[in-house]
Amino acid sequence: MKWISCLAVCLLLIASCDKGAKSITLLAWSEYVPQKVIDGFEKETGIKVHYDAIDNNEALVQKLLSGASKYDVIQPSEYIIEQLAKLNKLAVLDHSKLPNLKNIGSQYMDMPHDRGNKYSVPYMTGTVGIVVNTEKVKEPIHGYRDLFHPKYTKRIVVLNDAREMVSWALNCLGLDVNEINPRSLAKAKPILADWVRLIRVYDSDSPKTSLSNGDCDLGVVWSGEAAKLWEENQKFVYVLPEEGTHMFVDSLAIPVDAPDVDAAHQFINYCLRPEISKLISDEFPYTNPNLQARKLLSQKQLDNPASYPKGEAKLGTFRDIGKASSDVDALITNLKSQG
Ligand code: N2P
């Protein structure tokens, strides 16, 4: 009898140790996954989440491909999903383990970068746009051409993101942002060279900071950052550039060599719950593709013009540009070093 109870205690110990030891590593953008969401998941499942933060897609790719660490869930934008899928770096998702996928609006599913959502599920979408501190800037700003003007020298903050910057110049030229080749880059170069001289701050983590503290009066930022500024003070107006801009679809995916594919699915499905996805919107007010979560948002949240812009705008997603992405990076790095 004694050995039976001994065995039972041992089994219990093993089970609890096992539960306590389980963990996943998340490679995701900074200021994008609320601590509340992580805490809730850990409490409910006993699976610990390690959050490794990046501030651009290229860093995500580099970390993933270097193989130095293994990740269970990653958070690439649409064009990077396409790139990683082509390189066979993503696991095929098991939709039977993602019943909450039904909450995502059909306009965000089955997009050209990932037909059938074989590899990814939308997490948040948003736009890249211009923030104007209208107390400081009285002239109307409609697009990049108005913004990048010598009168605003060193009053501008922009995303520290080469692909984004090059796309702004291509939009000004009326060129396709996904047709990147030596010819289109040569045309973009002089425009970008002029812009670099005007820029004061490059920041992809928290570009709102230099607008909020008054270091800059204008910026090109992620829409969620603009939405936070607007919540803070409605003098910060969000403008979708008339020349056109990027609508990103930041998504969750599982690397092909993820240590715990099952727990990764669990985490993704958890984020897709309406009440959990609402928590994400509460803290990071991007455009929530989860339509069931959107129903839980307040009218004030839905009326935020940066989160849910009204009216017509020229928006497009990015596609994988293959090897040209290193030319894009080199162009911006060189211009910055000369600026
Ligand atoms: C969140 C950054 C949003 C990333 N901090 C846009 N792709």
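Values below: all heavy atoms of this structure, side chains included; hydrogens, waters and symmetry mates excluded. Residue indices begin at 1 and follow the sequence shown. First listed ligand is number 1; within each ligand, the first listed atom is number 1.
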Just the distances, no angles: every ligand 1 N or O to protein N or O pair closer than 3.5 Å, one line each.
{"residue": "ligand 1", "atom": "5 (N)", "partner": "S30", "partner atom": "O", "Å": "2.6"}
{"residue": "ligand 1", "atom": "5 (N)", "partner": "E31", "partner atom": "O", "Å": "3.4"}
{"residue": "ligand 1", "atom": "7 (N)", "partner": "D250", "partner atom": "OD1", "Å": "3.1"}
{"residue": "ligand 1", "atom": "7 (N)", "partner": "D250", "partner atom": "OD2", "Å": "2.9"}

For residues 313-322, which residue pairs qualify under side chain to side chain donor-acceptor pair (under 3.5 Å), counting only residues two or more places apart or in two chains?
E82-R319, K86-D320
For the pair Y32 and W29, name the ring-plane relationship: parallel under 30°, tilted 30 to 60°, perpendicular over 60°.
perpendicular
Testing the 3.5 Å rule here: is there a donor-acceptor pair between the side chains of Y79 and N57?
yes
Over 12 foreign heavy atoms within 6.0 Å of CZ, R115
yes
Any salt bridge between K22 and E42, counting N to O under 4.0 Å?
no
Check whether Y202 forms a cation-pi arrangement with K336 (NZ or CZ under 6.0 Å from the six-membered ring centre, at most 45° off the ring normal).
yes
